[in-house]
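Bear in mind that the values here come from a model prediction, so they are computed numbers and not experimental data. Heavy atoms only: backbone and side chains are in, while hydrogens, waters and symmetry mates are out. Below, chains carry the letters A, B, ... as their sequence lines are ordered, and counting in each starts from 1.
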Protein chains: 2
Amino acid sequence: MSDVSKLAGVSKMTVSRVLADPALVSEETRQKVMKAIEKLGYVPDRIAGSLSSRRTNFITAILPTLTNSNFADSAQGLANALRAADYQLLIGYTMYDLQEEERVIRTMMERRPDAIVVAGTVHTKMASEVLMRAGIPIVEIWDVPEHPIDHAVGFSNYEVGRTAAKHLISLGFTRIGALGSRADGDVKDWRGESRLLGFGAALREAGIADDLIIREGSAPVSYDHGAKTLGSLLAKAPDVEAIFAVSDISAVGALMECHRRGIHVPDQISILGFGDFDIGRQCYPAISTIRVDAQMIGRKAGELLLSILEAEKDAAVPEGARVDVGFQLIVRETTKRLGR
Amino acid sequence: MSDVSKLAGVSKMTVSRVLADPALVSEETRQKVMKAIEKLGYVPDRIAGSLSSRRTNFITAILPTLTNSNFADSAQGLANALRAADYQLLIGYTMYDLQEEERVIRTMMERRPDAIVVAGTVHTKMASEVLMRAGIPIVEIWDVPEHPIDHAVGFSNYEVGRTAAKHLISLGFTRIGALGSRADGDVKDWRGESRLLGFGAALREAGIADDLIIREGSAPVSYDHGAKTLGSLLAKAPDVEAIFAVSDISAVGALMECHRRGIHVPDQISILGFGDFDIGRQCYPAISTIRVDAQMIGRKAGELLLSILEAEKDAAVPEGARVDVGFQLIVRETTKRLGR
DNA sequence: CTGAAAGCGCTTACAG
DNA sequence: CTGAAAGCGCTTACAG
C-alpha cells in the first residue's frame, strides 16, 4: 500500500479511503490512486485490515458434514446471503461428534470471526460456554430450542416426528416402525433423535406400541444404513406395515432393499422419509417425505446476521431471534392407506 | 496476550513461545504461563499472528459447488489431510461460472492464503495470471493437464470418455448416445465436456456415428437433467441402444425415466454413468459407472501441499507435480451385452 | 478533501 | 532459557 501511495503521490490514508469509501476522495485523486493500484497489481491485505479494524468479515459455519445435501444447501444459502456483503465463510466439520465440535469451535475462535452459525442446539458444556462468552452473534440452525444461546433459525424436529407418526396413523396402520441411528456416545445426530422422540410420543398418544423404533449405526446415515436397518426391523417384526426413516437417504435405501426382497412398496409396506432429497423425488415409486427448506435456513440465518452486523448506529437490532421456518408433509407414492 | 504475560510475570515473547513451541521454555515458566492463560480464558489472535509471521495457515479451495457429493468428498479429503497441520480451508463456490471463479480468486487473494486448490484447469486469462503471480503453491484438481499452472492432482476426463465408449462398443452396440450439459457461455462444466469429447473420439475411431451426444441444460446436472435429456435423445433416436451419462446423477435420472416409460434397463437400453455416487450403487438395477476416488484427490492435494509448506529448509520440494489418480470402470447391472 | 501519528496483537531477529 | 525492540500492513481517530 505504501508503494501505491508513493506512486500516486498521496498518503496511505488516501489509498485506504479509495478502497474503503471512494466517495470520500476527490475524483482526480481517486483516478491517480486507481492507476497506481492497477500498475502495481496491488492486492490489499485484509489480514492487516482485520487486525486494525477489529473486524474480519469472517463468519464461521459449523456443520456435521458437508457431504449431506441438506447441510450443503444450508451452507450454500448462507454463503449466498453473505457474499454480497463481502463476508467469507469459515466452514468446519464435526462429523456429528460433540467433542470434535468443541475442538472446532475453539480453533475457530482464534480466527476472530464476526459471527458464528452452528448446526444443532446440543453442545458440550464447554462449547456452550465458549459460544456464550464469544461476544459475537451466534445463530443455532436446524432446530428452534426454547432457549437458544443467542439466536436460532430452524424448525422443530420433535414436531416433524409427531407429524410423521400422525400421517402413518391416519392411513390406518398400527404396526409402525422407524429407522434411525444410535443416540449414545459422542457421535450422534441429535436432530434425528428428536424426530424419533416426537415420533414415539405421537405413537403412544394414539395407543400404538413404540417398540419398533430401530436405532442402529452411527450418523451420518447412508443408503446402506436404510437397507440394513430395514433388515433388522423385518427380523423383529415381519408384519410391520409402515416405516418412518429419519432421512430420505435411509428411506431410499430401505426402498431399494424392499425391491431386492420382493416386498412391494406401498402395497405391503409404506415408507415415509425426511428431508425431501432430490433422489427421493426421482425414485420409483417416489418417496413420501417431510420437506424442510434447507437453503432458506441458511439464507435466513445470513440475513439475520447481516441485519445485526451491518446495523447503523442506534438502529434496532434483533435480540434472541427465534425463526421457525416450519416444514411440510409431502405425500407421494410410498405411503398409502391400509388395504387399498 | 500482554494480560497473560503480566499475570504470569514474564514477557510476551515467553507467552508466545509457550504457545508456539513449549519445548523452548522451562517447565516452571511454562506452568505459570499455562495457568495464567487458563485463568484469563485467553484465546490467541491468529489474525495478528498471521500478519506478523506472514503465514495465515489458510488454504483456499475453489470448487464449482459443494452440493455435489464428489466435490464435497474432495473438500472433505482435503480438510482432513490439512487439519492435523492446523490449516483452515477457505472454500469458495463458482457455480461452474468462469467469471465468478475469477472474482472468487481475486477476493481470496486478499485473505493471503498459503496455497490455493482449484477444481479444473480451464480459467479466464486474468484468473490464470493471478494464480501464476500469486507466489504460493497452486494445485489444480480433477484433471491432469499437460502444463498445469503449478501442480495438478486428478485424472484424464478425456480418457474416461474413451473408456466409456470402448465399454459400450465392446458390448456390441452401434447406436450409442451420451447425456451432458451445454458447453457454451460462461457457465459450463469443462470436465464433463472433456469426457464427452473423449467419448465422441472413441466412437469415431470405431466407425460409429457420434451424432447422439446430447448437450442440454446448464451445469450442474441433476436427476431431472438425466430424465429430460433422455427424453430428447429418445425423440431423436428411438432406436438408441446404449447411453453414457456425464454423471451418475444424470444416469440415475435417465434410469428412473426409463422406469416411468416402461423401458427395460438393461434389456432395451444400457446405461453407463460416471462418479460412482452412492445412489447409483443402491439403485435397482445398480448403475454401471466409472469410479474416481474423489476423496483421494483431496487428500493427495493436501499431502502435496503439506510436503511443500511444511518442508524443512534445504529439503527437496516437489516442483510441478502431476499426480494421476486414475479411474476404474465398474460394470454393474445397467450395461449388458447386446442380444443377451 | 487530505494527512501524520498511534496502535491493532502478534512474531521475527537479535542479544544476553 | 528469556526479553526488549522493531515491524507486519492496515484503520482509527484526530486535526486541519
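When distances run from any side-chain atom of B/Ser11 to the nucleotides D/dC10, D/dG3, C/dC10, the shortest one goes to D/dG3. Listed nucleotides: D/dG3, C/dC10, D/dT12. Nearest to the side chain of B/Met1: C/dC10. When each of C/dC10, C/dG9, D/dG3 is scored by its nearest atom to the side-chain atoms of B/Thr14, the top-ranked nucleotide is D/dG3. Distances from the side chain of A/Asp45 to the nucleotides C/dA4, D/dG3, D/dG9 place D/dG9 closest. With distances taken from any side-chain atom of A/Met13 to the nucleotides C/dG3, D/dG9, C/dT11, the minimum falls on C/dG3.
In the interface, the side chain of B/Arg17 is paired with the base of D/dG3 through a donor and an acceptor atom under 3.5 Å apart. Contact of A/Ser52 with C/dG7 (side chain to base): a donor-acceptor pair of N or O atoms is detected under 3.5 Å.
Under a 4.0 Å N-O distance rule, the pair B/Arg54/A/Asp45 qualifies as a salt bridge. No salt bridge links A/Glu28 with A/Lys32; every basic N to acidic carboxylate O contact stays at or beyond 4.0 Å.
In this structure, the CZ atom of A/Arg55 is 10 Å from the P atom of D/dT12, given to the nearest Å. The interatomic distance linking B/Leu24 (CG) with C/dA13 (P) rounds to 15 Å, in whole Å. Taking atom CD1 on A/Ile47 and atom P on C/dT11, their separation rounds to 14 Å, with Å as the unit. Here the P atom of nucleotide C/dC10 and the CG atom of B/Leu51 are 12 Å apart, to the nearest Å. Between A/Asp21 atom CG and D/dT12 atom P there is a gap of 11 Å when expressed in whole angstrom units. If you measure from atom CZ of B/Arg112 to atom P of C/dT11, you get 19 Å, rounded to the nearest angstrom. Between B/Glu110 atom CD and D/dC8 atom C1' there is a gap of 18 Å when expressed in whole angstrom units.
Along DNA chain D, the nucleotide closest to B/Glu27 and the one closest to A/Gly49 are compared, and the more 5′ of them pairs with B/Glu27.
Between the side chain of B/His123 and the backbone N or O of B/Ser128, no donor-acceptor pair lies under 3.5 Å.
Contact annotation: A/Ser16 side-chain N/O to D/dC10 OP1/OP2 distance is not under 4.0 Å. An OP1 or OP2 oxygen of C/dT2 is reached within less than 4.0 angstrom by a side-chain nitrogen or oxygen of A/Ser26. Contact check, A/Thr29 against C/dT2: a side-chain N or O comes under 4.0 Å of OP1 or OP2. Taking 4.0 angstrom as the limit, A/Arg54 places a side-chain polar atom (N or O) nearer than this to OP1 or OP2 of C/dG9.
C/dC1 is paired with D/dG16 under the Watson-Crick or G-U wobble criterion, all donor-acceptor distances under 3.5 Å.
Other residues, nucleotides and ligands contribute over 12 non-hydrogen atoms within 6.0 Å of the CE atom of A/Met95.
Between the side chains of B/Ser2 and B/Ser5, no donor-acceptor pair of N or O atoms lies under 3.5 Å.
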